[in-house]
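Below is one structure, written out as structure tokens; the observations come after it.
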Amino acid sequence: MKQLLEEARARDAVDPLRQFRDAFWIPARPGGGAQAYFCGHSLGLQPRRAEAAVLAELRAWREQAVAGHFRSPSPDHPAWIDFGDGLARDLAGLVGAHADEVTVMNTLTVNLHLLMVSFYRPAGARRKILIERGAFPSDRYAVASQIRWHGLDPRDCLVEFEAEADSRLIDESRLESWLRLYGDEVALVLWPGVQYASGQAFDLPRIAAAGRAAGAAVGFDLAHSAGNLPLRLHDSGCDFAAWCTYKYLNGGPGAVGACFVHRRHAPNAELPAGLPVALPAALPRFEGWWGNERGSRFRMEAAFRPAAGAEAWQLSNPPILALAPLRASLDLFREAGMERLRAKSRALTGWLADTLQRELGEWLEILSPADPERRGCQLSLRVRAGHEAGRALHAWLEQRGVVTDWREPDIIRVAPVPLYNTYADCAEFLLQVSAWAEGR
Ligand SMILES: Cc1ncc(COP(=O)(O)O)c(C=O)c1O
């Protein structure tokens with residue numbers, strides 16, 4: 001343990017992405033110095049550019065008022081009508097989608113509901129929704145209430161797929177076998193990209209293929225994947241996906257969410273221009289004026305003419321002040337590049353996992369998969385001494401400026417984020433756990 005900090009500093013010194021840490025505000029710890037912040041899986045840190053980005057929009061509002069919708073105040077600053085375009089383009093790059101497959105709107109749970117309006121269409125014997133046991137509660141509430149909204153009973157129609165005995169992990173092959181056997185009763189598979197409690201990353205193309213082969217629609221909750229892992233969402237073949245932008249994407253507390261709808265569902269993609277009314281869309285959808293295709297959005301016509309892409313699911317004009325910090329953060333992602341971030345992430349989390357196992361394995365069990373391909377940056381840890389000891393360790397760390405989170409009944413989640421975390425942060429975590437263990 002003694003040389004840990006030196007080894008960590010040596011690794012930080014050769015990290016090609018080390019300058020990105022300075023692009024963030026790192027909260028101070030009580031006695032001075034920066035926190036070792038490991039909660040990017042919950043709320044990403046504030047990019048230093050965020051404040052200026054918000055102020056620029058406040059200024060545009062002050063100086064241009066309603067004209068700001070259509071007039072760009074400077075060449076590098078979009079008019080508000082176009083504000084979502086750059087965000088959708090950058091997010092599409094991060095999740096491996098075409099720009100027209102992504103839109104920025106609402107928040108995650110709201111978007112899951114709006115997408116299930118279109119993609120959960122129970123009919124005949126095909127009525128079930130498949131999720132994982134222990135899904136994030138909001139997802140569970142959303143699917144259960146969708147089932148009830150269709151006049152059905154979650155006790156019959158909600159299937160919660162169990163993790164392997166003695167672990168929190170789910171092997172995709174078990175899911176495939178189950179779908180082969182029972183898939184003809186499944187209307188929708190709603191699956192996480194990375195499971196929030198275990199940190200397991202799933203093989204999304206495999207799950208999409210299995211769900212669709214069974215005849216179900218497939219949607220992904222990417223709350224813990226977007227900005228954490230490189231994704232190829234379009235190629236995965238899923239029908240839809242939704243994610244928040246306040247975790248790894250650093251968009252700020254309660255920031256606006258994003259969603260993906262595969263191109264094959266692009267409503268009215270071949271709608272001839274100039275038709276007086278929209279053709280019936282292939283999918284039912286809740287509609288609002290911002291889902292109108294752009295040319296007709298301001299014509300205030302009675303007929304809804306859906307945009308040809310994910311944009312058709314938008315309801316309202318976007319909250320520009322809330323989106324400005326996301327703009328600042330996505331610029332950093334573009335500069336760093338998702339592939340380089342992933343390379344650092346694998347190394348950083350890998351070093352933390354290996355050292356932890358070697359030095360502190362008698363105290364902490366790593367619940368997340370050992371294979372780096374099956375996890376993102378997060379490690380979920382269980383304190384072997386039990387629940388009370390786990391709570392005590394979490395509090396010990398917090399008091400010393402090492403910020404992790406606690407998930408009942410027994411998990412400490414630690415996420416070294418490659419944009420701003422360092423090996424020295426990880427060493428600090430390990431040394432503090434070691435100090436705590438010595439005191440017991
Ligand atoms: C996996 C998952 N789903 C859903 C949510 C809920 O997100 P929101 O409050 O943006 O609806 C969260 C929030 O942390 C989450 O982690």
Side-chain angles (χ1 to χ4, degrees), residues 37-45 87 91 95 102-117 119-120 129-146 158 160-161 163 168-170 188-202 204 207 218-229 231 233 238 240-260 286 313-316 318-319 322-323 325-326 329 367-368 375-380 403-408 411-415 417:
Y37 186 83
F38 291 108
C39 276
H41 53 53
S42 196
L43 180 67
L45 291 178
L87 299 175
L91 286 169
V95 299
V102 172
T103 194
V104 183
M105 62 184 201
N106 314 311
T107 44
L108 174 50
T109 310
V110 175
N111 288 337
L112 287 174
H113 273 299
L114 290 175
L115 290 162
M116 281 193 278
V117 164
F119 291 101
Y120 175 52
I129 300 182
L130 177 67
I131 61 175
E132 85 280 21
R133 167 89 58 206
F136 192 86
S138 199
D139 295 31
R140 196 182 184 287
Y141 306 150
V143 295
S145 58
Q146 286 278 332
L158 178 56
E160 296 174 271
F161 200 83
R168 288 173 176 266
L169 311 181
I170 295 176
L188 171 66
V189 178
L190 182 65
W191 208 258
V194 170
Q195 216 284 338
Y196 86 100
S198 70
Q200 178 178 3
F202 288 97
L204 298 184
I207 292 170
V218 177
F220 293 132
D221 178 336
L222 302 178
H224 295 265
S225 312
N228 179 12
L229 289 166
L231 297 165
L233 216 43
C238 73
F240 70 91
W243 59 96
C244 51
T245 62
Y246 43 77
K247 299 179 189 293
Y248 297 111
L249 295 171
N250 315 308
V256 181
C259 56
F260 162 92
F286 284 175
W313 274 263
Q314 292 183 344
L315 299 180
S316 302
L323 287 171
L326 182 60
S329 176
L367 303 173
S368 308
R375 67 183 184 216
C377 67
Q378 174 186 324
L379 293 181
S380 301
V403 183
T404 63
D405 82 358
W406 172 259
R407 284 285 170 266
E408 293 290 347
I411 298 179
I412 290 178
R413 299 187 305 170
V414 186
V417 169

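The first residue of the sequence shown is numbered 1, and numbering continues consecutively from there. Whatever order the structure lists ligands and atoms in, that order sets their numbers, starting from 1.
- The backbone N or O of Leu249 sits less than 3.5 Å from a side-chain atom of Ser329, completing a donor-acceptor pair.
- Protein heavy atom in closest approach to atom 14 (O) of ligand 1: Lys247 NZ, 2.7 Å.
- The shortest N or O to N or O distance between Tyr196 and ligand 1 is not under 3.5 Å.
- Protein heavy atom at the shortest distance from atom 6 (C) of ligand 1 is Thr109 OG1, 3.6 Å.
- Formation of a donor-acceptor pair under 3.5 Å by the Gln378 side chain with backbone atoms of Tyr196 is found in this model.
- Under the 3.5 Å distance criterion, the side-chain polar atoms of Ser368 are matched with a main-chain donor or acceptor of Ser380.
- The distance from ligand 1 to the heavy atoms of Ala223 drops below 4.0 Å at these ligand atoms: 1 (C), 2 (C), 15 (C), 16 (O).
- With a 4.0 Å cut-off on non-hydrogen atoms, Val110 does not touch ligand 1 at all.
- The structure places SG of Cys238 at 9.5 Å from CG of Leu231, a figure rounded to the nearest 0.5 Å.
- Not one N or O on the side chain of Thr404 forms a donor-acceptor pair closer than 3.5 Å with the backbone of Val414.
- A donor-acceptor pair under 3.5 Å is formed between the side chain of Asn228 and the backbone N or O of Cys377.
- Remark: minimum distance from atom 10 (O) of ligand 1 to any protein heavy atom is reached at Tyr246 OH, 2.7 Å.
- Looking at Asn111, its side chain does come within 3.5 Å of a backbone N or O of Met105 through a donor-acceptor pair.
- In this structure, atom 5 (C) of ligand 1 lies nearest to the protein heavy atom Phe136 CE2, 3.4 Å.
- Counting protein heavy atoms only, atom 16 (O) of ligand 1 is closest to His224 NE2, 2.8 Å.
- Of the protein's heavy atoms, Asp139 OD1, 3.1 Å lies nearest to atom 4 (C) of ligand 1.
- Polar contact with ligand 1: absent for Ser138 (N/O pair, distance under 3.5 Å).
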